[in-house]
Amino acid sequence: MIDVKNLKKAFGDHVVLKDISEHIYPGEKVVVIGPSGSGKSTFLRCLNLLETPTSGTITFEGTDITDPKTNIDKMRQQMGMVFQHFNLFPNMTIKKNITLAPVQTGLMKQAEADEEAMRLLKMVDLVDKADAYPNQLSGGQKQRIAIVRALAMKPKVMLFDEPTSALDPEMVGEVLDVMKQLAAEGMTMVVVTHEMGFAREVGDRVLFMADGYIVEQNNPAELFGNPQHERTKSFLAKVL
Amino acid sequence: MEQMYTTLKELAVGGGDLTFFQTFFVKFYQAFIEADRWLQYLNGVKTTLIVTALALILGICLGLIVALIRTAHDQQRPGKKNPILGFLNLVAKIYVTVIRGTPMMVQLLIMSFVIFSSSRNFTLVGTLTLGINSGAYVAEIIRGGLMSVDKGQMEAGRSLGLNYVQSMRFIIIPQAVKAILPALGNEFIVLLKDTSLITVIGGKELLYAAQGIYNRTYEQMFPLLGIACIYLLLVCVLSWLLGKLERRLRQGDRR
């Protein structure tokens, strides 16, 4: 579904991603873990070109999205993204937050989008907040809305950039529950997270990144139970 | 009252002694009432307000265009630079530098005596100059406002598949307006007072009216203090209105 070849990304002289090649299959749940500064978020942000790769190619369903001639907006409409800091639009109601993109991109009519928004809000149990503004919501509620906002575009893949890192501990669970539900429905997901429990439970495959490389990858049971690489072992010893 | 004025005036001309209040009355009458002079002030105020409004509209239009060009240019993805945008950005940069780097008075004189030297409509030339001048400052105010919106907002918009223009229009600009308003209000007030400068090229606004009157009566204090009060009053009303607008916009935060 997403094919990454020899991806490199540098910010000025600082090389963040050194040489990443990876393939994400349809329906797969890939969890990316690693110490901070290892390039996890940059890798994820390259997948929908929020960061422009320095070199290498990223192919999404057969289209090279790193090609400047590709209409990146069309590609992004098929890739949902959830941010660490939610990034809800504070100047709009929750419902408007959800319906803005589907309506403006011509995916749905307003009435249709409204209906879809209510269906999605029911899914995350926030129907009563439809006409509220983001500032009236708790962090966990905001992030659930952010997930729903991305889902409203009916994406083929969902990218999660540390979705629970900015939350109070008691709110992490409600967001992870939504993500688990999504996983159960068969959504293709790439998740950068520090929630090892989530990685173990939901992940089909766990990538361990350090210093701009994917150092090691395996299914969660193997990676957590029997890490091969020194770097992985020391990281896991610290976080588990 | 007219009679009283005539009597007192004659007395004064004849070398008679007037009390403080009598002198005050004569000068006040001369400055504002004699020959319906208050009408000249009123016309001056009218022109001042029209010039301010037109210059403000021109300034905001110019400023918005320049700010959007410069912001769009700076936010281009590396390796995908648009040459047309690069050229426009250069023009915008030169515009802001030249306008902010030269005195308003000099700009007025150049516009009036060099560029539009054949035009007799001094008020219009003055309005145009004020608008162009204001545009440069407004551009920087708007640019600052657009940049003050969290980067994540644009990323969120783009990640949903909205294009740059849509993200700007629905997400960034509405949020920037709130941040811009106080500075824009300040610019508005400066502009209102700067209209007095167009007098130097013969623009017929409030100060021009006062000058016309004291050139006739040889009594400067009352006309000048009078228009100072009028400017002050106008600015007070304006700030009050702006404050109201700001409070209304801020109510959104507490919802």
Side-chain angles (χ1 to χ4, degrees), chain A residues 10-12 44-45 47-55 66-69 71-93 96-107 131-136 146 149-155 158-159 161, chain B residues 64 68 71-86 142 144-182 184 245-255:
Chain A
F11 295 101
L44 192 76
R45 290 161 58 85
L47 293 183
N48 70 351
L49 241 60
L50 281 184
E51 301 291 352
T52 312
T54 309
S55 69
T66 43
D67 183 348
K69 285 193 273 299
N71 182 346
I72 188 62
D73 299 322
K74 282 271 171 290
M75 293 296 125
R76 284 179 181 143
Q77 285 166 21
Q78 304 170 49
M79 306 167 130
M81 178 137 187
V82 176
F83 299 87
Q84 181 177 359
H85 295 288
F86 331 128
N87 297 350
L88 294 181
F89 309 133
N91 54 325
M92 305 171 199
T93 62
K96 192 86 213 285
N97 262 278
I98 300 170
T99 59
L100 178 74
V103 173
Q104 291 304 326
T105 55
L107 186 70
D131 295 314
Y133 282 80
N135 288 348
Q136 299 168 310
R149 181 178 67 178
L151 287 176
M153 288 299 293
K154 304 196 179 303
M158 286 284 283
L159 311 174
D161 187 4
Chain B
L64 190 64
L68 287 175
T71 315
H73 177 266
D74 293 347
Q75 287 177 347
Q76 282 180 107
R77 269 156 55 198
K80 216 186 161 183
K81 297 264 184 229
N82 185 333
I84 302 168
L85 205 52
I142 295 180
L146 292 176
M147 287 194 309
S148 77
V149 177
D150 179 27
K151 234 179 93 218
Q153 292 290 311
M154 177 59 95
E155 287 183 351
R158 299 305 302 272
S159 80
L160 286 165
L162 297 173
N163 61 34
Y164 180 79
V165 175
Q166 287 169 328
S167 305
M168 269 291 178
R169 178 167 156 220
F170 296 109
I171 300 162
I172 309 297
I173 293 178
Q175 292 183 56
V177 168
K178 222 184 305 180
I180 288 170
L181 209 67
L184 207 56
L245 182 63
E246 228 176 281
R247 271 193 299 282
R248 253 185 67 182
L249 279 180
R250 226 181 303 135
Q251 259 164 12
D253 296 343
R254 269 182 261 116
R255 261 182 308 221

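Residue numbers begin at 1 in each chain, while the letters A, B, ... track the order of the sequences.
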Counting heavy-atom pairs closer than 4.5 Å to chain A, which one of B:Met154, B:Gln166, B:Arg158 comes out on top? B:Arg158
Test item: A:Arg76 and B:Leu160 side chains (from C-beta on) under 4.5 Å apart, heavy atoms: no
With heavy-atom distances below 4.5 Å as the criterion, would you say the side chains of A:Leu100 and B:Leu162 are in contact? yes
Residue set satisfying side chain to side chain contact (heavy atoms under 4.5 Å, CB included) with B:Asp74, at least two apart, ordered chain then number -> B:Arg143
With respect to chain B, which residue among A:Gln84, A:Glu51, A:Gln104, A:Met81 yields the maximal number of heavy-atom pairs within a distance under 4.5 Å? A:Gln104
Tell me, for A:Leu107 versus chain B, whether the close heavy atoms (under 4.5 Å) come from the side chain, the backbone, both or neither. neither
Between A:Asn91 and B:Pro174, the two heavy atoms sitting closest are ND2-CB, 3.3 Å
Could you check whether any side-chain N or O of A:Asn87 sits under 3.5 Å from a backbone N or O of B:Gly152, counting only pairs where one atom can act as donor and the other as acceptor? yes
Shortest non-hydrogen contact from A:Pro90 to B:Gln175? CG-OE1, 3.4 Å
Interface moiety of A:Met79 toward chain B, non-hydrogen atoms closer than 4.5 Å: backbone
Do A:Phe83 and B:Ser159 have side chains that get closer than 4.5 Å, going by heavy atoms? yes
Could you tell me which non-hydrogen atom of A:Phe89 sits nearest to which non-hydrogen atom of B:Ala156, and how far apart they are? CE2-CB, 3.8 Å
Looking at chain A, which one of B:Asp150, B:Asn163, B:Ile171 has the largest number of heavy-atom pairs inside 4.5 Å, strictly under? B:Ile171
Enumerate the residue pairs fulfilling salt bridge (charged side-chain N to carboxylate O under 4.0 Å, His left out) with a member in residues 82-93 of chain A, sequence neighbours excluded, ordered by first and then second residue. none
Pick one of side chain, backbone, both or neither for A:Met92, based on which atoms fall under 4.5 Å of a heavy atom in chain B. side chain
Rounded at 0.5 Å granularity, tell me how far NZ in B:Lys151 sits from NE2 in A:His85. 11.5 Å
Sort out for me which of A:Leu88, A:Asn48, A:Leu159 touches chain B most, counting heavy-atom pairs under 4.5 Å. A:Leu88
Looking at side-chain heavy atoms only, is the closest gap between A:Arg45 and B:Glu155 below 4.5 Å? yes
